[in-house]
Each structure stands twice: as structure tokens, then as C-alpha cells.
Amino acid sequence: MAAETIANPASPISARSLAFPRHEQTFPTLTEHEIERMRRFGEVRHYSDGEALFETGKPGPGMFVVLSGTVAITQRDGLGHVTPVIDQGPGQFLAEIAQLSGRPALVDGHAEGDVETLLIPPDRLRALLVAEADLGERIMRALILRRVNLIQGGVGGPVLIGPPSLGKIAQLQNFLARNGQPYHVVDPDTDKDAADLVARYSPTRAELPLVVCPSGNVLRNPSETALAMAMGMIGDHTHDKLYDVAVVGSGPAGLATAVYAASEGLSVAVLDSRAFGGQAGASARIENYLGFPTGISGQALAGRAFNQAQKFGAEILIPVSIRSLDCSKQDGLFSLATDCGHTLRARSIVVASGARYRRPGIENLEAFEGRGVWYWASPIEAKLCAGQDVVLVGGGNSAGQAAVFLSGHVRKVYMMIRGGGLGASMSRYLIERIEATPNIELMFNTEITALEGGEDSTLQHVRWKSRLAPEEHTLDVNNVFLFVGADPATRWLEGCGVNVDRAGFVLTGQNGGRQGQLLETTVPGVFAVGDVRSGSVKRVGGAIGEGAQVVAALHGFLADNANSTA
């Protein structure tokens, strides 16, 4: 999002500017001295009246510093709605977090009269943030706050059209929210423009929701990958590059690896199949992570790390699924084959793919996924089931955090635990909070036996029983949250020589005990960190520590490899 500009710094701040929270931090005014320090990072560009500096949905050229004139910033969606954001003038800079990596712009910027700017391209912008520490801190904070304003504004980005109760809408909402993308949902039953679009395209129920991109392209019930490609979240150019390290997975371990490796000069690519943050990113509140005594949401923690990795130049590709890893190194490089048909090459690999949500053996489970069965609990799902009864299955910390979060939105949480207690699997502070929450009912030694739905294929009933008795019981609920553990996401490693234990977790430290290689797998140059590693501490702090620790091993391997080929 671009910043507000005041053509005359002495003039009163506009009423619209005051609507932005943390205004002075979001829209700082640069001094002449600060602009002079920035000139070596960019080049002067001129624009005539009405000319576009950047457009929604097209890759942004970088950050603009306005030297003279005024730029009008507007936000638009695919339905043709245009919303004024702010005007900008001398001393202000135009950018938000996407400009760190040249991602598509989320707003339009047009010159009002003749405009002179200093354009700083993405790579030079990242250099500026590092070289000019004090100034870089102010700019970075503003870039983040502007993206937050765009998300909270609820007027830009793709438009999701369909009944709000439609499970696929919640799935796409969650995907966009987890990846820090603005969007808004429109119900065709109450919005004439949306109803006209539905009538024009006449989609069947299976083709809903319709998604209208800012470019005007209309997608019928798109997959997350199809939506990401239409929005420019995935670029093809990164597949043509050679990286020092490719990190598979962008949970806490993968993001920590990216931050430390990129900050130490390594070229880094990070790939993830869904969203940054991994399972930790879906946590409603993490209260036992060092340095956050009042707790922090997993999304907030992951978002900070994601922005930090981009600041140091790590290239992050989401959503990109890895099909296989080729460790033959015929050209001296590792090759990652993606599901979208591309190949990415790197000198070393860090396996940080974590784990995938475990699906219990319930008949017809897949039929209700996204239609009442959920594997995470975000504000989106909480809104769907507000005031209702819900079932939550699981007894670990993630289940406890979700139960406490949902209890503030729903009428009652039936918390089903397969075992006879919580002490062995959940932190004490969560147990005490759950026991003190009146609308959470603990149901020990219980399990779901069947799911039943109505004619519209949405969940309506849950059948369950005690493991200590044969009788079945029924609960009338429309939403079930499953937190029954996770299995290591290592299938893509099959056939490349990386050894795993009986449960599928990656074995490390078995290459003859070489010093500093405790995180190296049985294939030299392939390392594993975080939850996917056999024997790791399954905690956010442990994952971040391993992500930092592996960078020293990467430097050692790359140096040895360079010496052997010299």
C-alpha cells in the first residue's frame, strides 16, 4: 500500500489520513537528508498527468519516493469497484511489503499532473534496508503496516462470490488470509453485482464459488494453486535460477533457515505447498514461546518471519508442491521436481516440510472436508459456526489452543479425547484454562464412528461412542475440528537415498559423525530440521533453533563442495 503524501508538510493532515491507525509510523515523511541518502539506490523517473506508476495485479517495479507532484492511490476489485486510498506528494514513498520481491501490486498509482520520483527496484530496496539501518527500520515498519491496512480494509484483492456457508469459500479465505493477501466475500443473494455475474456465468453448485481477480478474470471453483497463479503469487522466473540452498517447507524451521541463510549472503529459495507458518501458523495463540509473555498468534509470529526472510532476499514460492527430489547430482546439483511441472536446482537442500494433518479412519471423512470438517481453527471457521455446538477431536497442545479459541465464539465445544486424560499430551497451563472454561465439555475415552450429512452434502450429525462401551450416540453438529496429530511429510523424498525411521521421520547425524553435521541426512548436502526430523523437539522454539543451527552446516558443506570442484 502506498503512503500518504502531504504536498505542503505544514498543511493539516487530511481527515482520511486520520482514519489509518498508527498514522505516523504507517506514513512517515522523509527529510531531504534522508532522500539524499537513498538516491544511490535508485534512479529518477518522470511521469505525466494520468500515467500509471503501478497497477493492481501487475508486478511492482519497486519503491517510489515522490520528489515533486502528487500521486493518487486507489484500490480496485474485479467487479469494477474503485476505492480512493490516499494522495501522495513530496517526501513520501509508495510501496508495501510486496515490493521487496517484485510481487504484483495491490493498488493502482496514477500521476496527478507532472510527477518526479526516485524509483528503487526490489533488490536495491532490500540493500537499502540493510545498509541504512535506522531509515530501513522505519521503511520496513511502514511496509508491513500498509499491508495490514489493505487486508483490514476489505475492499481490494480477489472477490469470492458464493453463499458464505459454502465450505470452499472458507477454504479459499483461509488460504488467502494465511498468505497475507487481501480479499473480500460477496453473497449473490444480497449483492446485485454478484448476482448479475452469477447469472452471466450460470455456474453449477460444483462450480461455486466464482472468484473474480482484480484483472477481471473469472475463475470457477479454483484450486488454491490456480488462484495463486491467477494472482501472480507464483512466478516462473525463480525456476530458472541456481540457488545455494532450497528450503522445502516454510514453517518456523524453514523460515528460520531462510532468515539466517539469506542474511549471511546465501541465495535461498523457500517452497511450501500451502502457506507460510506451517501448523504453527494456524495456532490461535502461542503462550509458551520465549519473549512473548502475553502470547502471540501463530499467524503473527510466522508473518514477521516471512517478512524478515523477504527483507534479506529469500525468494518464497507458495503454493508449490514438491513431487520428488533427485539426488543423483549429474551436474553437481540437486533437482526438485514440482507438481506444476517445473524443476528447481540448488547446491544444497534443507528438508523442513514438517508434518501433514493426520486423517482418522472415519468413513466418508473426505466427503465432508471443507463442508464441516476442518483441520485448523481460524477466525474464518469460528465465524461459520458462531453460536453453534461443535466437536473438537484431539488432546495435544494444538487441540487445546483451538478449543479455548473456539469457546469464545461457539455455544459449546465437545472435546473428544481418545485417551483417559490430558496430562501426558498437553501443557499444564492449557489444561487449567480448559477446565476453567464452562462451555468446553471434556469427553475422555471417546471417538467418532461416523459422519452424516444432508442433501446438500454438508455435515449434520456425528456418531460417536465410548471406547469403554459398545453403544453409539449422536450429536447434531455442523462442524468438526480434527487435531489428532500429524504424519511426517516425507513422501517426496522416496527414492533419493534419504533414510527415515519407522514412523517416516528423517534420520540425521549418521554420516560417520562428521563434526557440525548433526542435522545432515544420509545424503551429503541434504539436511533436515524441525518436526520432520527424527528425534527433534516438537516445539516452535526447537524448530527455530534448528533452522538457525543448520546454516553453519550449510556453509561448511558449500565450502567443502566448492573446494572439491575447484
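If you read the sequence from its start, that first residue is 1, and numbering goes on from there.
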Should Ile296 and Arg285 be marked as a side-chain contact (heavy atoms from CB on, under 4.5 Å) after you check the CA-CA gap, both sets of side-chain angles, and the distance that decides it? CA-CA 5 Å; Ile296 184 172; Arg285 181 165 295 275; 5.8 Å; no

Backbone N or O of Gln310 within a donor-acceptor pair of the Ser101 side chain at under 3.5 Å? no

Please examine the side chains of Val480 and Val462, heavy atoms only from C-beta on, and report whether any two atoms are closer than 4.5 Å. yes

Measure the shortest side-chain to side-chain distance between Ser335 and Arg345 over non-hydrogen atoms and say whether it is less than 4.5 angstrom. yes

Would you please test Leu160 and Tyr183 for side-chain contact (heavy atoms from CB on, under 4.5 Å) and show each step? CA-CA 8 Å; Leu160 313 182; Tyr183 67 90; 4.2 Å; yes

Closest heavy-atom pair and its distance - Asn478, Leu459: ND2-O, 2.9 Å

Any donor-acceptor pair under 3.5 Å linking the side-chain atoms of Glu447 with those of Trp464? no

Determine the sole option in Leu422, Asn397, Asn288 for which the side chain to side chain contact (heavy atoms under 4.5 Å, CB included) test with Leu430 is passed. Asn397

Here the pair of heavy atoms bringing Met415 nearest to Gly394 is CE-O, 3.5 Å

Roughly how far, to the nearest 0.5 Å, is the CG atom of Leu166 from the CD1 atom of Ile161? 12.5 Å

Should we count CG of Leu468 as having more than 12 external heavy atoms under 6.0 Å? yes

Are any non-hydrogen side-chain atoms of Val540 and Ile544 less than 4.5 angstrom apart? yes

Spell out, as yes or no, whether a donor-acceptor pair under 3.5 Å connects the side chain of Arg147 to the backbone of Gly180. yes

Do you know the tightest heavy-atom contact between Ser425 and Gly395? OG-O, 2.6 Å

Is a side-chain donor or acceptor of Asn179 paired with a backbone partner of Gln181 at a separation under 3.5 angstrom? no

Using a distance-only test with no angle check, is there a side-chain donor-acceptor pair under 3.5 angstrom linking Asn174 and Glu381? yes

Report yes or no: does Ser250 contribute a side-chain atom to a donor-acceptor pair with the main-chain N or O of Leu255 at less than 3.5 Å? no

d(Leu301 CG, Phe292 CZ) to nearest 0.5 Å is 6.0 Å

The criterion is ring-ring contact (aromatic ring centres under 6.0 Å, His included); which residues satisfy it with Phe276, sequence neighbours excluded? Phe306

With Arg502 via salt bridge (charged side-chain N to carboxylate O under 4.0 Å, His left out) - residues at least two apart: none

Ignoring hydrogens and geometry, is there a side-chain-to-backbone donor-acceptor pair from Thr508 to Ala528 under 3.5 Å? no

Give a yes or no answer on whether the side chain of Gln299 reaches the backbone of Arg178 with a donor-acceptor pair at less than 3.5 Å. yes

Over 12 foreign heavy atoms within 6.0 Å of OH, Tyr260: no

Do Gln401 and Ser398 meet the criterion of a side-chain donor-acceptor pair at a distance under 3.5 Å? no

Please tabulate, for side-chain N and O atoms in residues 482-494, each donor-acceptor pair with protein atoms closer than 3.5 Å (sequence neighbours left out).
| residue | atom | partner | partner atom | Å |
| --- | --- | --- | --- | --- |
| Asp487 | OD1 | Arg358 | NE | 3.0 |
| Asp487 | OD1 | Arg358 | NH2 | 3.1 |
| Thr490 | OG1 | Gly504 | O | 3.0 |
| Trp492 | NE1 | Ser353 | OG | 3.4 |
| Trp492 | NE1 | Ala489 | O | 3.0 |

Pairs where residues 424-435 contributes a residue and the test salt bridge (Lys or Arg N to Asp or Glu O under 4.0 Å) is met, not counting sequence neighbours: Glu287-Arg433, Arg428-Glu432, Arg428-Glu435

Please name all residues satisfying ring-ring contact (aromatic ring centres under 6.0 Å, His included) with His461, sequence neighbours left out, ordered by chain then number. none

Check: Arg467 side chain, Asn445 main-chain N or O, donor-acceptor pair, under 3.5 Å: no

Heavy-atom pair with the smallest gap, counting every atom of Ile380 and Ala177: CD1-CB, 4.2 Å

Roughly how far, to the nearest 0.5 Å, is the SG atom of Cys496 from the NZ atom of Lys329? 12.5 Å

By side-chain contact (heavy atoms from CB on, under 4.5 Å), Arg359 pairs with (sequence neighbours left out) Leu365, Glu369, Tyr375

Kindly compute the distance separating CZ (Phe505) from CZ (Arg533), expressed to the nearest 0.5 Å. 11.5 Å

How long is the gap from CG on Leu208 to CD1 on Ile169, to the nearest 0.5 Å? 7.5 Å

Is Ser348 reaching over with its side chain to a backbone N or O of Leu554, donor-acceptor style, under 3.5 angstrom? no

List the residues meeting side-chain contact (heavy atoms from CB on, under 4.5 Å) with Gln171, not counting sequence neighbours, and say none if there are none. Lys168, Glu224

Applying side-chain contact (heavy atoms from CB on, under 4.5 Å), name anything that partners Arg463, two or more places apart in sequence or on another chain. Thr449, Ala450, Glu452, Glu472, Thr474

Salt bridge (charged side-chain N to carboxylate O under 4.0 Å, His left out) involving Asp196 - partner list, sequence neighbours excluded: Lys192

Under 3.5 Å: donor-acceptor pair, side chain of Thr437, backbone of Ile440: no

Quick one: list whatever passes side-chain contact (heavy atoms from CB on, under 4.5 Å) with Arg371, sequence neighbours left out. Ser457

Tell me every residue that passes ring-ring contact (aromatic ring centres under 6.0 Å, His included) with Phe405, counting only those two or more places apart in sequence or in another chain. His409

For Gly157 versus Asp77, what's the shortest heavy-atom pair and its separation? O-CB, 3.9 Å

Counting N and O atoms only, with roles assigned by atom type, does the side chain of Asn217 sit under 3.5 Å from a partner on the main chain of Cys213, one being a donor and the other an acceptor? no

Any idea which heavy atoms bring Gly530 and Ser536 closest together, and the distance? O-OG, 2.8 Å

Salt bridge (charged side-chain N to carboxylate O under 4.0 Å, His left out) against Lys412, all qualifying residues, sequence neighbours excluded: Glu441

Atom pair CD (Glu546) and CZ (Phe527), whose distance is rounded to the nearest 0.5 Å: 13.0 Å

